[in-house]
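Just so you know, these numbers use all the heavy atoms, side chains as well, and skip hydrogens, waters and symmetry mates.
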Amino acid sequence: MRINCRVCGGDVEAALDLGRQPTANGFLRPDEIESELFFRLAVGRCDRCTTVQLLEEVKQEVRYHDGYRYQASGSAGHRRHFAENARRFMDTELTGPDPFIVEIGCNDGVMLAAIAEAGVRHLGVEPSGNVARVAAAKGVRVLGEFFDETTAKAVRDGDGPADVIFGANTICHISHIGSVFRGVDALLADGGVFVFEEPYLGTIVDRTAFDQIYDEHIFYFTVRSVQAIAAHYGFELVDAEPIWMHGGEIRYTIARPGRRVPSASVARLLAEEHARGLNEPETLERLRVIVEGVREDLTDLLRRLKAQGRRVVGYGAPAKCTTVTNFCGIGPELLPYVCDSTPEKQGHLVPGSHIPVLPPEVFAADYPDYAVLFAWNHAEEIMAKETGFTEAGGRWILYIPTVHVPGG
Ligand code: SAH
Ligand code: TMP
Ligand code: ZN
């Protein structure tokens with residue numbers, strides 16, 4: 001399987017194939033199983049600009065709609081992080097007269113709520129109607145559209161140039177990246193910045209976090225590839241800052257060429273990537289071998305525990321859980337349920353693997369012997385909350401970076 005790079009037209013060949021998969025946030029009711037949509041989840045690297053990307057994609061209207069199940073405010077850590085982001089923008093970039101910030105993919109308003117509260121001019125562009133309404137209820141001004149060149153020009157016509165265009169866990173979701181950058185070009189003030197925080201291929205490789213690979217993540221950025229993408233569309237990468245979100249992401253700052261002095265961290269991270277060969281073709285090949293080992297270890301462990309009569313369930317039903325359960329072939333026979341605090345997911349099935357999602361109260365009412373922690377990036381928050389489980393003798397199963405059972 002091969003495609004032309006979405007950025008530069010170079011050659012992208014499949015290097016890591018996670019098989020037939022459904023859309024990762026497509027939590028479904030039992031009566032919807034018949035119509036569930038599958039595609040081939042495979043990534044490859046562009047031989048020209050090095051951008052790692054999906055080969056096949058699911059149409060954006062199938063991924064983002066009125067029943068989109070991801071709510072960004074679901075974790076205290078995320079709420080804190082985005083409140084800090086809002087504060088930082090207001091202290092640094094949004095200090096001129098009547099500043100204006102646009103967020104691409106504002107979801108439930110986790111970031112913009114604080115900006116709205118401070119009375120700063122803003123706009124969230126959010127195509128998923130249900131989460132957009134939650135944002136609007138918090139006082140956020142929302143445009144219910146997909147961000148692209150056309151919407152960006154319409155916003156510019158109506159509101160004038162933006163001092164900041166921001167996106168978190170959204171820019172890597174957008175297949176039409178050329179249209180996004182042309183839109184940023186149309187909308188961004190001359191001295192403005194385009195800031196985005198996205199999963200980092202370096203983290204995926206370091207932690208074997210292959211569960212970051214799913215239909216919504218079209219791109220798996222590195223500092224090197226984002227620098228190439230920015231240059232391709234007439235911009236410059238001026239900062240790259242590692243952040244802890246989702247297990248380790250990078251916050252990229254893009255500006256018009258020559259408008260800002262690139263920070264030392266861009267050069268430092270580029271040198272680091274070069275030294276470890278992150279942008280080389282072998283990276284995905286090596287990851288493939290390790291990921292296949294994790295699949296074997298995890299399914300072996302679950303089968304062994306089942307044979308011993310142990311009760312094992314899943315904890316957290318993030319999109320990541322869809323990739324892992326489908327790639328490993330784990331269904332309700334090995335995990336009778338996963339518990340998740342998101343009301344929109346409860347009563348539904350994990351896409352593809354069809355494991356029921358139940359509220360955390362079910363978990364607390366009758367602790368199992370083991371719980372596979374799918375929401376591993378919230379491990380600290382969850383383990384602190386679920387001390388009753390471990391005190392009752394329960395054990396966590398983690399599969400990042402390798403399959404292990406802390407404490408026994
Ligand atoms: N920023 C939040 C939400 C990320 S989920 C966070 O970091 O937690 C990704 C969001 O991007 C979804 O709400 C989805 O509806 C939205 N989205 C997807 N494609 C988009 C596009 N082309 N323009 C704007 N938003 C988009
Ligand atoms: P995320 O990592 O993509 O934010 O997804 C985390 C998922 O885990 C989300 O569906 C909510 C769920 N979750 C819980 O069920 N309990 C918790 O305590 C936390 C923090 C998250
Ligand atoms: Zn390319």
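Under the 30°/60° scheme for interplanar angles, the aromatic rings of F166 and F82 are found to stand perpendicular. Classification of the H378-H78 ring pair by plane angle, with boundaries at 30° and 60°, yields tilted.
Residues forming a side chain to side chain contact (heavy atoms under 4.5 Å, CB included) with A271 (at least two apart in sequence, or on another chain): none. Every salt bridge (Lys or Arg N to Asp or Glu O under 4.0 Å) that D190 has, sequence neighbours left out, goes to R256. For the side chain to side chain contact (heavy atoms under 4.5 Å, CB included) test, residues two or more places apart in sequence or in another chain that qualify with A132 are E126, V142. Scored by the side chain to side chain donor-acceptor pair (under 3.5 Å) test, D11 finds R2 as partners (sequence neighbours excluded). Evaluation of the side chain to side chain contact (heavy atoms under 4.5 Å, CB included) rule for H354 yields L28, I33, E36, L349 as partners, not counting sequence neighbours. Remark: H65 pairs with no residue by the side chain to side chain contact (heavy atoms under 4.5 Å, CB included) rule, at least two apart or across chains. Taking R63 as the reference, nothing meets the salt bridge (Lys or Arg N to Asp or Glu O under 4.0 Å) condition, with sequence neighbours excluded. In this structure, Y220 has no ring pair (Phe, Tyr, Trp, His ring centres under 6.0 Å) partners at least two apart in sequence or on a different chain.
Salt bridge D159/R141: present, at least one basic N to carboxylate O contact under 4.0 Å. A salt bridge between D66 and R133 is present, with a side-chain N of the basic residue lying under 4.0 Å from a carboxylate O of the acidic one. Under the 4.0 Å criterion applied to side-chain N and carboxylate O atoms, E84 and R87 are not assigned as salt-bridge partners. The pair D108-R79 does not meet the salt-bridge criterion, since no charged nitrogen lies less than 4.0 angstrom from a carboxylate oxygen. Salt bridge R276/E272: absent, no basic N to carboxylate O contact under 4.0 Å.
Separation of the F194 and F235 ring centroids does not fall under the 6.0 Å cut-off.
The backbone N or O of T222 lies less than 3.5 Å from a partner atom in the side chain of S225, making a donor-acceptor pair. A donor-acceptor contact shorter than 3.5 Å links the side chain of N107 to the backbone of A72. Checked by atom type and distance alone, the side chain of Q212 never pairs as donor or acceptor with a backbone atom of F210 at under 3.5 Å. R395 contributes no side-chain N or O that, together with a main-chain N or O of D369, makes up a donor-acceptor pair within less than 3.5 Å. Formation of a donor-acceptor pair under 3.5 Å by the E333 side chain with backbone atoms of G331 is found in this model.
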Could you pull out all donor-acceptor pairs under 3.5 Å where a side-chain atom in residues 307-315 meets a protein atom, sequence neighbours excluded?
unit_1	atom_1	unit_2	atom_2	d
R311	NH1	Y367	O	3.2
R311	NH2	D366	O	3.3
Y315	OH	E386	OE2	2.6

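Both tests hold for R20 against F38: distance to the six-membered ring centre under 6.0 Å, angle to the ring axis within 45°.
Of the N and O atoms on the side chains of Q227 and Y252, not one donor lies less than 3.5 Å from an acceptor on the other residue. Counting only N and O atoms by type, the side chains of N169 and E197 include no donor and acceptor under 3.5 Å apart. Defined by atom type and a distance below 3.5 Å, a donor-acceptor pair is missing between the side-chain atoms of T151 and E145. Using modelled atom types, one finds no donor on one side chain facing an acceptor on the other under 3.5 Å when comparing D211 with T323.
For residues 286-308, no residue pair satisfies the ring-ring contact (aromatic ring centres under 6.0 Å, His included) rule, not counting sequence neighbours. Legend: side chain to side chain donor-acceptor pair (under 3.5 Å) pairs involving residues 288-299, not counting sequence neighbours, sorted by first then second residue: E285-R288, R288-E292. Applying the salt bridge (charged side-chain N to carboxylate O under 4.0 Å, His left out) test to residues at least two apart or on different chains, the pairs with a partner in residues 224-244 are R88-E241.
Closest non-hydrogen pair, F27 versus A317, comes out as CZ-O, 3.1 Å. F221 and C172 get closest at one heavy-atom pair: CE1-CB, 3.7 Å. Residues S179 and D148 approach most closely at OG-CB, 3.2 Å, considering heavy atoms. Between G316 and V338 the shortest heavy-atom distance is O-CB, 4.2 Å.
Around NZ of K138, the count of heavy atoms belonging to other residues, nucleotides or ligands within 6.0 Å exceeds 12.
Residue I115 is tested with V120, V140, V164, N85 for a side-chain contact (heavy atoms from CB on, under 4.5 Å); the sole match is V120.
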